Participant: 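Structure in C-alpha cells, see below.
Just so we're clear, the structure is a prediction, and the values are computed from it rather than from any experiment. Counting begins at 1 with the first residue of the sequence. These numbers come from the heavy atoms of this one structure, side chains and all, not from hydrogens, waters or symmetry mates. Remember, it's 1-based here, ligands and their atoms both numbered in the order they're listed.
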Amino acid sequence: MGRREQYLDRLGIVRWTLRDATPVPESAAPVELPAQAGEAAPAARADAASWDELRAQVRDCTACGLHAGRTQTVFGVGNVDADWMIIGEAPGAEEERQGEPFVGRAGKLLDAMLKAAGFDREQVYIANILKCRPPNNRDPRPEEAAACSGFLRQQIERVAPKLILCVGRIAAQNLLGTDAPAAKLRGRVHHHPDTGTPVVVTYHPAYLLRSPQEKRKAWEDLKLALRVAAEQPQ
Ligand code: URA
C-alpha cells in the first residue's frame, strides 16, 4: 500500500485517487458574493514592518472584547513561504493553551487531510480568522472578525500562498465577506478580496469528525485545491 493510501485509510475513507490534469471545472470560476452587512470598521493600525512586529501587535491587541478573557493569543504557525495557507475560524481551549492553531482533535484530522493532499503540517501555514478564543466556542462576532482582519490580511500578504484552503463555513464567510451558505461556498474557486489569492472552501475538520460520511466531499475539495494551486505561476 502506498503512502497516500495509508493516509486515506487512516482518515477512515475509501481510497481517494487523484485524476491527473483534470481541468478546473466551469463552476470553479470566481464568483461575486454580496458583502456582509453590519461589520464594524477594523481598528486603524499601521501594517507591521516584520513578522516579529506583526506577532507583537497581535500579542498586545485590545481592539475587541475578546482580549479581556484570553490567556494568550494564537498567532499562526508553519512555513512562511508555503504554497498552501489553511485558514480556520478561531482557537479553541487547547489551541489557546498551546498558543498554536489546530492542535486538538480537529487539528489531528486536519493533519491527516493535509497528508492525503501530500503535505506535512510544517509545509503549510495555518492561521485563524480570530487570534483570541471566543468564550464557549461561540461563533466570531462581526466586530471581532473585523478587528482581526488586518492581521490575517498581513499574514496572507507575507506568506503569499498560491492557494488558501478555508476550513468551515464560518471561516469562509468571514474571509470572503459573504453570508452565502456552505453549499454555495464549496466546489468553486473564490478569491480573497484584499489579495486576490485563490480560495477553496472545505468542511471544518470538527464537522467531519461529527459527520464522517462527508469526508468524501472533503477529498473532492482537496483535489480542487491541488488543481488550482498547480495552475498558479511559480
Ligand atoms: N478550529 C478552528 O477553526 N481553529 C483552530 O485553531 C482550532 C479549531
Participant: Could you please spell out the steps behind the side chain to side chain donor-acceptor pair (under 3.5 Å) verdict for Gln154 and Arg158?
Facilitator: CA-CA 6 Å; Gln154 291 179 71; Arg158 286 182 172 279; 5.1 Å; no
Participant: Do Arg133 and Glu94 meet the salt-bridge criterion of a basic N to acidic O distance under 4.0 Å?
Facilitator: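 Salt bridge: no.
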Participant: Using salt bridge (charged side-chain N to carboxylate O under 4.0 Å, His left out), reason through Glu220 and Lys215 one step at a time and then give a plain yes or no.
Facilitator: CA-CA 9 Å; Glu220 294 301 322; Lys215 286 179 180 174; over 6 Å; no
Participant: Among all protein heavy atoms, pick the one closest to atom 1 (N) of ligand 1 and tell me residue, atom and distance.
Facilitator: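 Scanning the protein heavy atoms, the shortest distance from atom 1 (N) of ligand 1 goes to His204 NE2, 3.0 Å.
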Participant: Does ligand 1 have a heavy atom under 4.0 Å from the side chain of Ala90, from its backbone, from both, or from neither?
Facilitator: backbone
Participant: Salt bridge or not for Arg153 and Glu157, using N-O below 4.0 Å?
Facilitator: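 Judged by the 4.0 Å cut-off on N to carboxylate O distance, Arg153 and Glu157 do form a salt bridge.
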Participant: Atom 8 (C) of ligand 1: which protein heavy atom is closest, and how many Å away?
Facilitator: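 Its nearest protein heavy-atom neighbour is Phe102 CE2, 3.8 Å.
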Participant: So, Lys131 and Glu96, do they make that salt bridge, N to O below 4.0 Å?
Facilitator: no
Participant: Which of the numbered atoms in ligand 1 are below 4.0 angstrom from a heavy atom of Pro101?
Facilitator: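 That gives atoms 6 (O) of ligand 1.
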Participant: Is the contact between Glu95 and ligand 1 made by the side chain, the backbone, both, or neither, using heavy atoms and a 4.0 Å cut-off?
Facilitator: side chain
Participant: Before accepting this row, confirm whether a basic side-chain N of the pair Lys217/Glu214 lies closer than 4.0 Å to the acidic partner's carboxylate O.
Facilitator: yes
Participant: Are Ala106 and ligand 1 in contact, using a heavy-atom cut-off of under 4.0 Å?
Facilitator: no
Participant: Spell out, as yes or no, whether a donor-acceptor pair under 3.5 Å connects the side chain of Glu231 to the backbone of Val228.
Facilitator: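 It does not hold such a pair.
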Participant: Would one find an N or O of Asn128, backbone or side chain, under 3.5 Å from an N or O of ligand 1?
Facilitator: yes
Participant: Applying a strict 4.0 Å limit to heavy atoms, is Glu100 in contact with ligand 1?
Facilitator: no
Participant: Consider every N or O of Pro91 and every N or O of ligand 1, then say whether any pair is closer than 3.5 Å.
Facilitator: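 N/O-N/O distance below 3.5 Å does not exist for this pair.
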Participant: Suppose I only count heavy atoms of Gly88 and a 4.0 Å limit; which atoms of ligand 1 are within that range?
Facilitator: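 By the 4.0 Å cutoff, the relevant atoms are 3 (O).
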